[in-house]
Each structure stands twice: as structure tokens, then as C-alpha cells.
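Since we're looking at a predicted model, the values are computed, not measured. One is the number of the first residue; the rest follow in order along the sequence.
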Amino acid sequence: MIWNSKEKQRKKIKKYIEEEIQRETFLPKQITPSNGVIPYQLHLAELHAILENAERYLPFLKESDSTGLTVAQKIEELFSFRIPYFVGPLYKDPEGRNKAWVIRKEPGRVLPWNFESKVDLKESAVQFIQELVGHCTYLTDEKVLPNESLLYEKFRVLNELNNLKVNGNPISVQLKQNLYKDLFSKGKKVTQKQVRSYLRLNGYVEKDDDAELTGIDGDFKNTLSSHARFAALLGTSDFTFAQKKMVEEIIGWATAFGDSQKFLREKIQDKYGDILSKAQLKRLFGYKFRDWGRLSREFLELPGVDKTTGEQLPLIQKMWESNCNLMQLLSDQFTYRENVEKKVARNEKTLTEIQFEDLADLYVSNPVRRMIWQTILILKELTKVLGAAPSRIFVEMARDANARKERTVSRKARLVDLYKAMKGEGKEFLAEIDKKSEVDFRRKRLYLYYCQMGRCMYTGDPIDLHDLFNDNLYDIDHIYPRHFLKDDSLDNNLVLVRKEKNAHKTDIFPIEENIRDRQYGFWKMLLERKLMTEEKFLRLTRNTPFTDEELAGFIQRQIVETRQGTKTIANLLTQSFPDSEIVYVKAGNVSQFRQNFTLVKARAVNDFHHAHDAYLNIVVGNTYHVKFTRSPMNFIQAYRKDPARNPYHMYRLFDYTVARNGEVAWEKEKTIKTVKAVLEKPSVLITRKPFEAHGGFSDATIISASDARKVQGKGYLPVKTSDGKMKDVCKYGGKTKITGSYFFLVESTQKGQTEGKRVRTLEAMPLYLVDQLTDEEAMLAYCKDTLQLTDPRICLKKIKMYSLLKINGALVYLTGRMGDRVTTANAVQLILDPVLYQYVKKISDIAAMEVDEEYLENRKISKEENLELYDALIHKYETGILGKRINNVVGKLKEKRDVFQETAIIDQIHVLMEILKLSTVDNNGVDLKLIDGAGKSGKAAINKNISNLESAYLITQSVTGLYTKSIDLLRV
């Protein structure tokens with residue numbers, strides 16, 4: 001609409017605007033992203049035109065100040081300015097409470113027109129990258145090297161090359177070094193074909209010998225590309241110390257700046273512009289370096305001693321002068337691992353001295369840091385209760401969630417690809433595979449059958465597919481016997497064989513010579529067609545028995561932790577409890593123990609399984625510890641001398657009594673009874689950490705002023721709390737669902753019919769006011785002015801979220817608010833007898849599956865059993881402390897019993913799983929629609945006015961739950 005000088009047009013426009021304002025539709029806010037397709041430059045051009053026109057009647061827009069910019073120019077700067085992502089927050093808290101890395105040139109207020117004079121962009125970018133750079137796997141205080149640094153490339157190549165074997169024999173150190181210099185230094189990928197050719201040309205093997213290369217997976221994966229690039233750039237492959245330093249620094253900058261060529265060019269030209277020619281610089285700027293490694297320079301240059309020779313060398317130099325890979329150098333033969341542990345050890349503090357701030361330097365996430373602190377608090381309290389520190393502390397080695405995950409291909413897809421590559425020869429097998437589903441290949445025998453082209457691995461005889469699952473005819477064998485090693489890897493250790501061959505082999509290793517000689521050609525063929533891994537091929541063809549070092553190493557895997565994250569935590573515990581032994585427990589061993597003794601875990605029943613897992617970690621960990629001690633080699637030597645007195649089998653450890661030096665860790669057939677009795681006890685203490693909520697102040701959606709006026713603005717948060725002009729939500733709208741940080745208990749005089757009566761209410765403290773309402777005076781003002789309470793008195797200043805309450809005898813957690821009601825969650829653990837507990841485990845597994853009636857029948861799942869559990873749950877919610885549950889639905893469950901009885905069996909299972917949620921901390925209600933109930937039954941909430949309750953207590957617990965204190969909320 002265009003303004004016209006004619007008065008008639010002006011009046012028309014004025015009338016239109018007034019009507020639009022009256023209807024609250026004037027200048028509607030655009031809530032679609034449609035204008036996002038308009039280039040930013042067009043908006044800027046539009047702004048420039050607007051300002052240019054406005055300058056005609058607003059002369060102040062043309063005024064300039066000491067910066068030389070006019071007001072109009074500053075407005076454009078404000079519109080177009082963006083803080084670069086690598087600069088981050090401009091305020092850097094001196095105490096480090098905010099995550100900021102900005103590097104300032106000078107102090108003062110930062111504005112768009114003085115940004116580059118206040119902020120050092122290059123150094124801020126470097127600091128930003130350093131913040132993203134990870135820490136060394138072993139020396140966690142040190143930063144990792146670039147993936148393509150000279151030193152890290154050397155490590156990666158040597159760590160791979162040192163494993164190389166020619167015709168089954170390790171290569172000499174001299175040959176290794178020659179391969180490194182003559183092949184790898186060229187910077188290209190080295191293939192097996194090139195290595196074989198090099199060996200023949202240099203007389204290491206006969207000219208007609210097609211040398212067998214093992215120890216590597218196909219061609220070499222690592223190269224010395226950076227070395228080759230800079231050798232070509234500098235005209236020499238033998239870098240001086242100064243050249244190495246320059247190259248490493250340039251690679252570091254290039255990796256850090258990534259695609260930010262401007263900063264990189266400036267950095268290199270500033271420092272090395274007088275050393276490198278223009279042609280060298282031009283070539284250098286074309287190089288790309290990406291990604292970071294996992295190890296630091298300090299680790300790779302860590303000194304260590306070979307205990308067998310007494311020779312001391314830095315780790316990387318030892319890799320050069322020997323054929324040891326990293327894992328071998330970290331073994332007990334060398335002192336590198338011990339030196340790592342010494343370097344990561346922090347200044348020791350006693351248990352009473354250590355504080356949460358002492359964990360700040362641990363390179364773990366904040367949630368993990370808090371869990372560590374909770375663990376220390378528990379140990380502190382237990383030490384106080386017991387009067388002494390624990391003799392042993394058991395640390396579970398869970399599966400590493402941060403481990404690098406390899407891309408997986410389904411078993412069926414892998415077999416299809418391999419057989420397609422065989423063309424005509426694999427045609428029949430391919431047709432059979434196509435007919436089977438992916439689920440079929442979950443059965444190990446079937447997968448191994450096709451990996452072995454339908455033949456027995458030890459005889460080469462064809463296997464009849466129809467008899468494959470006949471246990472009397474065929475079996476799965478472990479190449480490395482289970483007696484010595486826990487390894488159920490399909491790719492590396494399992495083979496499909498005729499039953500009599502497995503029975504004959506027993507625990508013998510290596511495989512008998514006549515089998516090796518007869519089957520070598522077949523195994524080689526499977527290897528070449530990639531139906532067998534190189535590791536499995538090496539295990540099958542090996543002709544030497546296990547050494548003592550290998551046997552000790554197999555045991556070591558079960559009792560020693562290698563992940564630095566876990567070891568860092570263990571080091572902290574060692575410093576806090578110098579007189580306690582730290583014993584590692586592998587989670588897989590505990591899981592196997594549960595399976596062996598049918599100790600089921602039904603998470604749906606209660607939270608006891610966490611305590612049970614901890615207890616079983618102690619049982620299993622202590623048995624391994626007493627059996628093998630901290631020195632598996634000593635145990636193996638004793639086993640060699642007297643196997644009868646030192647029996648062991650890695651899969652049957654608990655079949656024997658385990659004792660050492662008078663300490664009995666496990667008594668055959670006796671200790672398991674004690675374990676089961678302990679697991680059946682209902683005496684587990686459960687505690688939850690109360691907290692103050694953080695995060696967003698409210699829901700992000702802005703609600704219109706007309707909606708706010710309908711409730712007189714109650715429950716609305718201004719769009720801008722810092723702007724006094726915007727505080728009227730009835731005029732400008734606002735946000736709802738205001739986040740409460742915690743609760744406080746206030747007493748006030750009631751209005752209305754019972755005016756003058758004093759009542760107590762649980763009021764939520766809005767998160768956006770936490771920093772303002774810090775004292776009682778401010779809280780009272782808030783109660784009077786905002787909550788409209790008469791003559792308020794603060795009874796308790798703070799009751800945190802998830803505080804434990806006892807309301808009319810029911811134990812609940814305080815979880816939030818919903819209007820004038822306070823929401824709660826169940827805090828009582830459900831206890832079932834062992835038979836029902838195991839039944840719940842069965843149905844909880846089935847609930848997430850698609851099954852038929854035959855499957856249910858085989859698993860002994862029936863309507864009769866379901867009804868028995870249903871009745872047991874009704875009894876639990878009708879009697880005892882669970883009977884006091886807020887908004888108890890037991891009446892509805894009794895009323896719908898007949899409906900449940902007639903419901904389909906699989907639907908019954910889903911109903912039972914829903915009912916079980918009533919005894920968890922889940923407060924979203926349970927879905928009983930399958931038995932004609934409500935979709936969200938049993939949501940527990942109480943009125944925020946607690947004066948009419950029979951009883952209301954706040955229960956504070958110590959971290960272990962051993963100490964409790966009750967506060968009467970009706971009297972305090």
C-alpha cells in the first residue's frame with residue numbers, strides 16, 4: 001500500500017490501520033519460514049534503502065562519532081554482523097564457570113564496529129580447535145597429535161608393520177626398517193604384491209617363492225603421506241630437527257584451521273615466510289590435513305625399560321628398533337605401562353580431604369563426573385559406618401560405549417556378496433541363501449555351514465543341510481579351547497565340525513598335524529575367497545602350543561582393565577583409599593555367571609537389579625581375584641607344575657572350590673545357595689539424588705495477549721523479562737509452562753469461605769527468578785505480589801525436585817507441578833516371590849516381540865499364569881505400603897478382572913507390563929485401554945495445599961540411605 005498526499009487516501013489508510021489494531025490483526029507475525037528463501041543480501045539492500053529514505057527527515061542518522069561511522073551505518077552493521085562460530089561466547093568468566101575460549105586483544109565492550117580490534121580472531125580460532133581436540137588415550141592430560149603428523153604416521157605404520165610375518169615367521173628388525181625406508185617412505189599405499197616383489201628382488205626369498213604374508217589384513221592401511229609430501233617440498237627426506245619442528249607445527253595449524261585458508265596462510269607466512277619460497281608456499285597451501293589421532297607426543301616419546309635386557313628407549317624408538325607393537329610394549333615385559341600410571345597419578349588426597357572440585361581435571365563427561373563423586377560419597381559413608389576402609393573395591397569393566405563402532409553388514413548380505421564373487425561355482429549355495437531370511441542366519445550353525453561351503457572344517461566331508469541341527473551328528477568347536485580362553489567369535493574361533501571330531505579333539509591345541517596337513521588347501525581356499533578371516537586361518541594352521549605368556553595373557557584379559565577412562569577412575573580410588581585393593585571385574589563374566597546359575601534380571605519389577613549387579617560383581621570379581629591373583633603368570637607356572645592342585649577352565653571356573661592362603665572365595669555347590677539367598681532378600685536401600693532443575697525458563701511458544709487476558713495473565717512469563725515495557729503479558733502476550741527449579745513451603749492466611757484460616761502450600765520457584773529470590777525478604781515479596789498470598793511465612797526455603805516425601809503413609813518423589821497440583825512418582829519398590837519374578841522376566845522379553853501361540857506355549861506362557869500374576873499385583877496394590885499409593889487404581893483392576901481374563905494372551909502380557917509401571921518412578925500413567933480402562937490411569941498428584949492431609953513428611957537421606965531424617969511439613 002503506497003502513501004498518497006491526498007487527504008482522502010490518508011483517511012482511508014488511517015481507518016484501515018485502526019480497524020486492524022482493534023481486531024489485533026495489524027502487522028501479523030510471520031510464523032512460516034517462507035522468507036528464509038530470500039537471500040540475506042536482499043534484506044540488507046532493503047534496509048539500506050529504508051535508511052537512505054529516512055535520512056531525509058531524520059538527520060541524526062547521518063551523524064557520525066569517533067568511529068567514523070554514521071548511525072545509519074551502525075544500524076546496517078548490527079544487521080549484518082555475526083559472531084564467528086570459532087570465537088564463541090564473548091564473556092569469559094574469570095572463574096571458568098562458562099565455556100568460553102575467546103582470546104581478547106584488549107578489554108572493553110565488544111561491538112560490531114570494534115570487533116576485530118577487541119578480539120584476536122586467529123588465536124581464538126586456534127583455541128576453538130584446541131577445545132575440540134581430544135585427549136590422549138593413555139596420558140589424559142595431554143592433547144592428541146594430528147592424524148597426519150610425522151610422528152603419528154610413523155607410529156601407525158610401525159604398529160602395523162611390526163606384525164608382519166613371511167611364510168609364518170616374524171621378519172627381522174633390519175628387514176622391517178628397510179621396508180619402511182624403501183617402500184613406505186614414498187608416501188603411497190603399500191600392497192602385499194609390492195612387498196612380495198621387494199622380498200624377491202632383494203634376495204629375502206627365492207625368486208619363484210610366492211611368499212605368504214600374514215599378520216596384516218590385506219594390504220597395509222597406513223602410509224607416510226605427510227613425510228613424502230614435505231620431503232618433496234623441502235628437497236630432502238632426512239629432515240633436520242628444525243625442519244621436523246616446522247613441519248609438525250604446519251600440520252598442526254592446517255589440521256586445526258581446516259578449511260579456513262585465510263588464517264592458515266597468515267600463520268605460516270608470519271612465521272615461516274622468510275624460510276619457505278613463494279613456490280614452496282604455493283605448493284604447501286594446496287595440501288589438506290584432516291582429523292586427529294588418539295595418542296599424544298608425550299606418550300609416544302615416553303621412556304621405558306625392557307626388563308629382560310635393561311635397555312631404556314622412548315616408546316616410538318623401541319617400536320623402530322624391535323618388532324613389538326603397542327600392546328606388546330604395554331605388557332609386563334616393559335615398564336611403559338607402569339610409567340603411564342605414574343604420570344597420570346594426581347596429587348594424592350585422603351578420603352576426608354577429596355572434594356568435588358578435585359574431579360574437575362578428569363577428562364570425563366559431567367554426568368560421569370557426578371557419578372564418580374556419588375561413588376566417592378558412598379565409600380566415604382561406608383568407611384564411616386564400618387569404621388575402616390574396604391579391603392577391596394571392585395570396579396566393573398562395562399562395554400566401552402565410546403569405542404569405535406565398525407560398520408556392520410548383515411550375515412546374509414555378506415554371504416550373498418561373497419558367493420556372487422565366485423560366479424558359477426557359488427551358484428547353488430547362492431540360491432539356497434536367497435531362500436532364507438536374515439533371522440535364519442542368527443543360528444550359528446547355519447552361518448558357519450555357508451562360511452565353510454557346506455563342509456566339516458576338520459575332515460572336509462560334506463554336511464547334510466537337513467541334519468545340520470542334529471546334535472548327535474554335528475557340533476560347533478572352539479579352535480582355541482574354552483579351557484584356556486573365552487572367545488565365542490564366529491569369525492575368529494568357531495568352526496562347524498562332525499561330532500566325533502570335536503569329541504576327539506577335546507582341549508587339544510594346536511590342532512592335530514594330520515588334520516592340518518589334510519585340510520590346509522581347503523582352509524587356504526576359504527581364506528582366499530574371504531569366507532574365513534586371516535585370524536581364524538592362523539589359529540587353524542598354527543603348529544605350536546600355547547606359551548605360558550599366552551595363557552597368562554588369556555587370563556589377564558579377564559582381570560585387567562586397559563581402557564584409560566576406567567583406569568583414571570581407579571587411580572582416583574587408589575589415591576582416596578591407599579589401603580584398599582582395586583579389583584577389576586569384566587561385565588561379561590558377571591553376565592555369564594547369571595546365565596550359568598539362572599539368575600534372571602527383571603528390570604520391570606523393581607530397581608533391585610542395580611544392587612544385585614554390584615553384589616554379583618563382588619562375588620565373581622573376588623573369585624577371579626583369589627583364583628588368579630594379580631599375577632596370572634605365577635598361576636600358570638603353578639598350573640604347569642601341578643594341574644591337579646591348580647585346576648582351571650575359563651568356562652567352568654565355578655565348578656571348583658576356589659581358595660588361596662586360607663581365603664575361600666567360592667565353595668562348590670555351597671556358595672551359590674548363599675548368593676541366591678542374598679538376591680532374594682528385600683533389604684536393598686534405594687536412594688535418588690534430589691536436584692534443582694535447570695534449562696529453559698518456559699515453553700518456547702509465544703501465546704497471544706488475548707489468550708493471556710482470559711486468565712488475567714496468570715501462569716504467563718513475559719517474552720522479555722529484562723524489559724519492563726514488555727512485562728504486561730495481557731498486552732504483549734507471553735510464554736506458558738514456566739519451569740520450576742524447586743519448591744518451597746509457605747504458610748499463609750486463606751481467603752474465601754474459611755477466611756482467616758492458616759494453610760500451607762507447596763509453591764514452585766520459577767527458574768527465571770532463582771537468582772533474584774535469594775533471601776527470605778525477596779521470597780515473601782514474591783508470595784505477596786505475584787502469588788497473592790496473605791500474610792505469608794516461609795516454612796522451608798527449598799525442597800528440591802525428586803525429594804522423598806511421605807504423604808498419608810505413601811512414599812513418593814516430588815517431580816513437578818501441574819496447575820494447582822503437585823505431581824509425584826512412586827518411591828516404593830515392588831517385591832514378588834521368585835517364581836513370579838522369573839515369570840515377569842519371561843513376559844517382559846516377549847512383550848517387545850512378535851510371537852505366535854506355539855512360541856508362547858513352548859515358553860510356558862498361559863492365560864492361567866497371567867491371571868495368577870494379575871491377582872498377585874492386585875493383592876500388592878491392595879495391602880501393605882503399596883496400598884497407600886496416591887491415586888491407587890486397585891479398584892479399577894479388580895473391576896476389570898473378568899475383562900482381563902477374556903483378553904487375548906498377548907494383550908494380557910501388554911496389560912501386565914503396564915500395571916507393573918505403577919510401581920516405578922514413571923508418572924505418565926498406565927495404559928489400560930486393552931481392558932476397557934483409561935489411557936493414563938494412576939497418575940499420582942496431590943493438591944499444593946497440604947493442610948488437609950493426614951500427614952506429610954519430607955524425608956532426607958544420606959547417599960547410602962543408611963541415615964534418614966524426617967521433617968513434618970505440617971508443623972515445621
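The shortest distance between side-chain heavy atoms of L158 and W320 falls below 4.5 Å. Using a 4.5 Å heavy-atom cutoff, the side chains of Y152 and L300 are in contact. Proximity of L315 to E301: side-chain heavy atoms (C-beta onward) are nowhere separated by under 4.5 Å. Side-chain contact between F220 and K189 is absent, with no heavy atoms from C-beta onward closer than 4.5 Å. Inter-residue side-chain proximity for M453 and M422 is flagged as met; some heavy-atom pair is nearer than 4.5 Å. The shortest distance between side-chain heavy atoms of L326 and F155 falls below 4.5 Å. Within the 4.5 Å cutoff, the side chain of F334 has no heavy atoms near those of the K307 side chain. Residues Y480 and F554 are in side-chain contact: their nearest non-hydrogen atoms beyond the backbone lie under 4.5 Å apart.
Between the side chain of D440 and the main chain of S437, a donor-acceptor pair closer than 3.5 Å is present. T541 contributes a side-chain N or O that, together with a main-chain N or O of F537, makes up a donor-acceptor pair within less than 3.5 Å. A donor-acceptor pair under 3.5 Å links the side-chain atoms of Q519 to the main chain of M457, judged by distance alone. Although no hydrogens or angles enter the test, the distance criterion places a donor-acceptor pair under 3.5 Å between the side chain of D219 and the main chain of Q192. For T335 (side chain) and E338 (main-chain N/O), no donor-acceptor pair under 3.5 Å exists by modelled atom type. Listed for the T671 side chain is a donor-acceptor partner under 3.5 Å among the backbone atoms of E667. Checking side-chain atoms of S149 against main-chain N and O of L145 turns up no donor-acceptor pair under 3.5 Å. In this structure, N646 contributes its side chain and D642 its backbone to a donor-acceptor pair below 3.5 Å. Here the side chain of R498 pairs no donor or acceptor atom with the backbone of Y474 at under 3.5 angstrom. The main-chain N or O of V144 is never found under 3.5 Å from a side-chain atom of W292 such that the two would form a donor-acceptor pair.
Note: H483 and Y639 have tilted aromatic rings, judged against thresholds of 30 and 60 degrees for the angle between ring planes. Taking the six-membered ring where the residue is Trp, Y450 and Y419 present perpendicular rings, their angle passing 60° and hence far from 30°. Ring geometry for F597 against F593 counts as tilted: the plane angle lies between 30° and 60°, on a 0 to 90° scale.
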Quiz item: After noting the C-alpha distance and the side-chain angles of Y651 and D488, does the key distance pass the side chain to side chain donor-acceptor pair (under 3.5 Å) rule?
Solution: CA-CA 11 Å; Y651 273 83; D488 291 325; 2.7 Å; yes
Practice problem: Using the side-chain contact (heavy atoms from CB on, under 4.5 Å) rule, take V590 and Q595 through it: C-alpha gap first, then chi angles, then the decisive distance, then the call. | Solution: CA-CA 9 Å; V590 178; Q595 291 177 31; over 6 Å; no
Quiz item: Stepwise, does the side chain to side chain donor-acceptor pair (under 3.5 Å) test hold for S225 with E153?
Solution: CA-CA 8 Å; S225 60; E153 278 192 344; 3.0 Å; yes
Quiz item: Taking it one step at a time, do L430 and K427 satisfy side-chain contact (heavy atoms from CB on, under 4.5 Å)?
Solution: CA-CA 5 Å; L430 189 59; K427 191 174 181 181; 5.7 Å; no
Quiz item: Where do Y648 and Y656 land on the ring pair (Phe, Tyr, Trp, His ring centres under 6.0 Å) test, with the steps shown first?
Solution: CA-CA 8 Å; Y648 89 102; Y656 313 100; 9.1 Å; no
Self-check item: Verdict with supporting geometry, T533 and D491, side chain to side chain donor-acceptor pair (under 3.5 Å)
Solution: CA-CA 6 Å; T533 64; D491 289 334; over 6 Å; no
Exercise. Could you walk me through whether R594 and L616 pass side-chain contact (heavy atoms from CB on, under 4.5 Å), step by step?
Key: CA-CA 9 Å; R594 275 186 175 274; L616 293 178; 3.7 Å; yes
Practice problem: Take T623 and F628 through the side-chain contact (heavy atoms from CB on, under 4.5 Å) test and state the conclusion after the steps. | Solution: CA-CA 9 Å; T623 304; F628 300 117; over 6 Å; no
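A distance of 8.5 Å separates CD in Q333 from CG in L329, rounded to the nearest 0.5 Å. Residue L150 holds its CG atom at 6.0 Å from OG of S226, rounded to the nearest 0.5 Å. Considering CG of D182 and CG of N202, their distance stands at 7.0 Å, rounded to 0.5 Å. Here CZ of F484 is found 8.5 Å from NE2 of H649. Values are rounded to the nearest 0.5 Å. Taking OG1 of T629 as the reference point, atom CG of N634 lies at 6.0 Å (rounded to 0.5 Å). Taking CG of D477 as the reference point, atom CZ of R482 lies at 10.0 Å (rounded to 0.5 Å).
Taking every heavy atom of both residues into account, E432 and L465 meet most closely at OE1-CD2, 3.9 Å. Considering all non-hydrogen atoms of both residues, P481 and F546 come closest at CD-CE1, 4.1 Å. Across A228 and G187, no two heavy atoms sit closer than the pair CB-CA, 3.5 Å. When all heavy atoms are compared, the tightest approach of L448 to K536 is CD2-NZ, 4.0 Å.
Enclosure of atom NZ in K165 is not indicated, since only 12 or fewer non-hydrogen atoms of other residues, nucleotides or ligands lie within 6.0 angstrom. In the displayed structure, K221 atom NZ is contacted under 6.0 Å by more than 12 heavy atoms of other residues, nucleotides or ligands. Under a cut-off of 6.0 angstrom, the local environment of CD in Q317 is crowded, with over 12 non-hydrogen atoms contributed by other residues, nucleotides or ligands.
K176 and N162 form a side-chain donor-acceptor contact under 3.5 Å, judged by distance and modelled atom types alone. Counted by atom type alone, N325 and N159 present zero donor-acceptor pairs between their side chains at under 3.5 Å. The closest side-chain donor-acceptor pair between S410 and E438 falls under 3.5 angstrom. Remark: the Y198 side chain and the N178 side chain contain no N/O donor-acceptor pair separated by less than 3.5 Å. A side-chain N or O of D306 and one of T308 form a donor-acceptor pair less than 3.5 Å apart.
In this structure, D548 pairs ionically with R640, as a charged nitrogen and a carboxylate oxygen lie closer than 4.0 Å. Taking 4.0 Å as the cut-off between side-chain N and carboxylate O, K586 and E396 do not count as a salt-bridged pair. A salt bridge links R539 to E535: one of the charged nitrogens lies within less than 4.0 Å of a carboxylate oxygen. Using a cutoff of 4.0 Å between basic side-chain nitrogens and carboxylate oxygens, K412 and D434 are not scored as salt-bridged. Ion pairing between D471 and K499 fails under the 4.0 Å rule for side-chain N and carboxylate O. A salt bridge links K601 with D613: at least one charged nitrogen is closer than 4.0 Å to a carboxylate oxygen. Residues E550 and R542 are paired through a salt bridge, judged by an N-O separation under 4.0 Å between the basic side chain and the carboxylate. With respect to K524 and E212, a salt bridge is recorded, a charged nitrogen being found less than 4.0 Å from a carboxylate O. A salt bridge is absent between R455 and D461: the closest approach of a Lys/Arg side-chain nitrogen to an acidic carboxylate oxygen does not fall below 4.0 angstrom. A salt bridge does not link D655 with K668: none of the charged nitrogens is closer than 4.0 Å to a carboxylate oxygen.
With Y447 as the aromatic partner, R411 meets the cation-pi criteria of under 6.0 angstrom to the ring centre and within 45 degrees of the ring axis.
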